[in-house]
Chemist: 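Here it is, the structure, as structure tokens.
As the structure is a computational prediction, the values presented were derived from the model and not from experiment. Chain letters run A, B, ... following the sequence lines, proteins first and then strands; every chain starts at 1. Note: hydrogens, waters and symmetry copies are ignored here, and every other heavy atom, side chains too, is used.
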Protein chains: 2
Amino acid sequence: MNCMSIDLSNLRQKFREREYKLTPQRQIILQVFVDNRDKHLSAEDVHNIVRQQSNDIGLATVYRTLELLSDLDILQKMDFGDGRSRYEINETSTPHHHHHLICLACGKVIEFEGDLLEDLETVISRNSNFTIVDHQVKFYGYCQECRDKSED
Amino acid sequence: MNCMSIDLSNLRQKFREREYKLTPQRQIILQVFVDNRDKHLSAEDVHNIVRQQSNDIGLATVYRTLELLSDLDILQKMDFGDGRSRYEINETSTPHHHHHLICLACGKVIEFEGDLLEDLETVISRNSNFTIVDHQVKFYGYCQECRDKSED
DNA sequence: ATCTCTGCAAATGTTTTGCACTCCA
DNA sequence: TGGAGTGCAAAACATTTGCAGAGAT
């Protein structure tokens with residue numbers, strides 16, 4: 001299994017199972033996320049990217065598709081505090097969690113690789129009568145650029 | 001220092017330093033958070049609680065106050081994915097981080113005590129040219145009630 | 001008197017919804 | 001031909017902003 005591309009047959013099956021259709025619009029939107037794997041796209045971002053490819057899709061459809069893909073666990077919805085939801089591909093096949101460093105000065109979001117919390121999940125599950133299936137970590141701080149700037 | 005009440009003199013000073021006034025409205029809103037220490041209140045929640053006490057405050061003022069208190073690090077702004085921002089008192093005096101278990105079935109948010117990430121912050125700061133000042137962790141899963149329900 | 005703060009209403013920006021139309025199966 | 005999917009416009013909702021008046025020092 002190639003980790004740089006979505007497993008299309010598996011994905012088609014996911015749609016079938018739930019009786020959803022893999023329409024052209026949905027495929028185009030999926031492709032946007034495949035082509036922008038490192039980004040955290042908002043609905044408007046997706047809409048703009050699609051329009052740049054002269055494949056106009058209604059904004060409402062973009063929203064509906066993003067919700068659908070999140071429900072199917074194909075995308076992960078996240079919030080960086082900038083007033084809009086952002087989405088990225090949920091890499092379930094490779095179970096490495098990546099988290100985010102958010103710069104409090106410029107708002108930049110940097111990826112951070114690490115699955116250091118899996119053990120923690122087990123411990124918490126045992127102690128708290130809560131079955132944990134996922135986690136999301138955000139670190140807040142200052143990126144190098146902003147640190148350099150403030151040293152003027 | 002009593003950890004169950006806000007250090008008022010320290011707080012007044014925080015306001016003075018930045019040339020903000022501790023107006024009646026701001027005090028009332030602060031008191032709401034002191035009285036609801038275990039909750040995660042939205043702007044509307046706060047507004048309703050204040051109205052129940054027949055202390056009407058404009059919703060815009062509530063929003064402005066919540067932003068101010070967050071800037072002063074008296075409150076912490078957070079997002080549980082329900083489309084509105086939520087706030088709770090930021091316990092800086094006792095530097096234990098508490099995090100949240102969010103039930104994917106019923107949406108309930110459970111507090112979880114633990115400062116297991118402080119070491120991690122140090123490691124990441126060293127490896128990534130990013131100065132971390134805070135973190136926020138959300139665990140997603142299923143609470144006992146919802147687990148019981150689904151076992152019907 | 002000045003300057004912040006408040007309340008109201010209007011504006012903004014994101015997301016959702018109603019409805020008619022399209023497209024497959 | 002029926003039910004899901006789409007596009008458009010309108011609605012809904014949380015949040016922000018402009019402005020005039022209130023309050024404090």
Chemist: Same cluster for B:Met78 and B:Leu41 if Ile/Leu/Val/Met/Phe/Trp/Tyr side chains link at under 4.5 Å?
Modeler: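 No; B:Leu41 is not reachable from B:Met78 via cluster members.
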Chemist: Could you pull out the closest heavy-atom pair between B:Ser85 and B:Lys77, with the gap in Å?
Modeler: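 It is OG-CE, 3.3 Å.
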Chemist: Using whole Å, what does the distance between atom C1' of nucleotide D:dA14 and atom CG of A:Asp82 come to?
Modeler: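 About 15 Å, once rounded to whole Å.
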Chemist: Can you build the contact string for nucleotides 11-18 of chain C? Use B for base contact, S for sugar-phosphate-only contact, and - for no protein heavy atom under 4.0 Å.
Modeler: ---SBBBB
Chemist: Could you check whether A:Asp148 and A:Gln144, counting side-chain N and O atoms only, form a donor-acceptor pair closer than 3.5 Å?
Modeler: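 Not at all, the side chains of A:Gln144 and A:Asp148 share no donor-acceptor pair under 3.5 Å.
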Chemist: For D:dG23, take OP1 and OP2 only and decide whether either is under 4.0 Å from a side-chain N or O of B:Gln25.
Modeler: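 For D:dG23, OP1/OP2 do not have a side-chain N/O of B:Gln25 under 4.0 Å.
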Chemist: Separation of A:Glu19 atom CD from D:dG5 atom C1', in whole Å?
Modeler: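 In whole Å, D:dG5 C1' lies 15 Å from A:Glu19 CD.
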Chemist: Side chain of B:Lys21: nearest nucleotide among C:dT4, C:dT6, D:dG5?
Modeler: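 Of all the options, the side chain of B:Lys21 is nearest to C:dT4.
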Chemist: Could you point out which residue of B:Leu101, B:Asp79, B:Val109 forms a side chain to side chain contact (heavy atoms under 4.5 Å, CB included) with B:Lys138?
Modeler: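 Exactly one pass, corresponding to B:Asp79.
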Chemist: Run through B:Gln76, B:Glu111, B:Arg86 and flag the one making a side-chain hydrogen bond (donor to acceptor under 3.5 Å, both in side chains) with B:His40.
Modeler: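 Only match with B:His40 under side-chain hydrogen bond (donor to acceptor under 3.5 Å, both in side chains): B:Glu111.
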Chemist: Return yes if some donor-acceptor pair links the side-chain N/O of B:Thr61 with the main-chain N/O of B:Ile57 below 3.5 Å, else return no.
Modeler: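 Flag not set: sc B:Thr61 to bb B:Ile57 has no pair under 3.5 Å.
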Chemist: Does OP1 or OP2 of D:dG5 have a side-chain N or O of A:Thr23 closer than 4.0 Å?
Modeler: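 It does not, given that no N or O in the side chain of A:Thr23 lies less than 4.0 Å from OP1 or OP2 of D:dG5.
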